[in-house]
Amino acid sequence: MTVDTLRLSARDANELLARGEASADELHAAYLSRDDDVHAFLQRTDYAGAPGIPIAFKDLISTKGVETTAGSKILAGYTPVFDATVAERCRARGLSLIGKTNMDEFAMGSSTENSAYGPTLNPWDPTRVPGGSSGGSAAAVAAGLAPWALGSDTGGSIKQPAALCGVVGLRPTYGTVSRYGIVAFASSLDQVGPITKTVADCAFLYSVIAGRDPCDTTTVDLPEPVELPAATDLKGLRVGVPRQLNEAEGIEPGVKAAVDHAIALCEELGASVGSCELPLSVEYGMPCYYLIAPSEASSNLARYDGVRYGHRAAVEGDLGELYERTRHDGFGDEPKRRIMLGTYALSAGYYDAYYGQAQKVRTVIGNEFAAALEQFDVLVSPTSPTVAFPLGARTANPLAMYVSDLLAIPPNMAGLPGLSIPCGLSEGLPVGLQLIGPQFSENLLFRAGHALEQAIGFDTVPERLR
């Protein structure tokens, strides 16, 4: 049979297999037959005999026998000899790898324009960015090139591209998903999570990858099993609207209108809605992030020296020159920028003033969110201040690019889960609604997100592809 993958959710795909209307081989072939005109993938893989549905991985997830570059020239040609834990768990559930998706180099960026292999385009408008750094994963799902995908989120890199591409994205509670086999950016912030067409698919994929892993000592057991959401109302739910997250400078009028409509829907569905304050989290969240994340990156990326794996510069004799030449040729501008910033922040005489101080502020941010979440079950805001912006619009101004994650960063600094769901259009482009809950509240976020998803009725297929 002919399979139209454009509107196919993962649940739909699974039902096709269960009814015998398509084989796993036919399903895999149907996705591969679609033209990747948005450069969502760095490489696509043939059917490998798994009985389940296909899945795409962001190209920082180690995959045995499949090149893993993290979007960087310095890892070109690197083929892992093992699977990351999340890849192993997907394989164990019968999911077949359909390809590795494009990303900002070492997950450093908000538009996927920092990839060493060229930018990914937004399926809704190919003249615009898909967000980042998991832009390839979000674009693949939105364009019907994969039913679901895994991305990673450090400062908003699942939530923000999900919002800009009109799909669902979960940044899980830190520690609930293993980082073993994930190319590291900032170890105290990195977290793998699902990007899907529906909240139910998101919940199921999270159930596949979550849980304690003996290979990652930061992981924990889930306090309760992951539930597939079925709620159609929000009765009894207390929804908080943080003023600073919803009135931040730079939020576009169309984004605000779509989010306000979603907040009104919360009340219609039976939730009680009230306002709250997060002044320190919003004011200091981004500056705090851009000290902690580059500092950890400068340490993590020191391993790329041309000696053990990846790119090696053609240098004779001098080890120091080998290091310098390899890194000069292998790293792009953004990793170099963050490595230098992080190395400075960790240097003798500056550690306490910068990295140490940022960690203290991080504690303050966590306490402020905890206080707000004592009053409310869920906090809501726009995921991104803007819809997808034009390609090249912010590449020359790193600070303007960093502001893209202004609303996604604060809850990440507190280690909180965040779910982004599409809540409408502005200028014909998707708007994302961010739902934030306490640690380990993924089931609550799935229930709330599913009820809102049904009420909003957003069509995840880009208008130009319908």
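We number each residue from 1, following the sequence as shown.
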**Message:** With ring pair (Phe, Tyr, Trp, His ring centres under 6.0 Å) as the criterion, how do Y309 and Y78 come out once you've worked through the C-alpha distance, each side chain's angles and the decisive distance to 0.1 Å?
**Reply:** CA-CA 7 Å; Y309 39 70; Y78 169 60; 5.6 Å; yes
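No donor-acceptor contact under 3.5 angstrom links the side chains of E67 and T79, judged on distance only. Judged purely by distance below 3.5 Å, without hydrogens or angles, the side chains of S133 and K58 pair a donor atom with an acceptor atom. For T218 and D216, the side-chain atoms include at least one donor-acceptor pair closer than 3.5 Å. Donor-acceptor pairing under 3.5 Å is recorded for the side chains of S110 and D405.
The one candidate from E227, E442, E453 that meets the salt bridge (charged side-chain N to carboxylate O under 4.0 Å, His left out) condition with R447 is E227.
The side-chain tip of R11 does not point at the ring of F204 from less than 6.0 angstrom away and within 45° of straight on.
Contacts of I436 classified as side-chain contact (heavy atoms from CB on, under 4.5 Å), with partners at least two apart in sequence or in another chain: L245, F369, L379, P411, L416, Q434. Listed by chain and residue number, I53, P147, W148, D201 satisfy the side-chain contact (heavy atoms from CB on, under 4.5 Å) test with A10 (two or more places apart in sequence, or in another chain). Scored by the side-chain contact (heavy atoms from CB on, under 4.5 Å) test, S441 finds P417, P438, L444, L445 as partners (sequence neighbours excluded).
By the 30° and 60° cut-offs, the orientation of the rings of Y304 relative to F106 is tilted.
No more than 12 heavy-atom neighbours from other residues, nucleotides or ligands sit within 6.0 angstrom of CZ on R91.
Considering all non-hydrogen atoms of both residues, P119 and H39 come closest at O-CD2, 3.3 Å.
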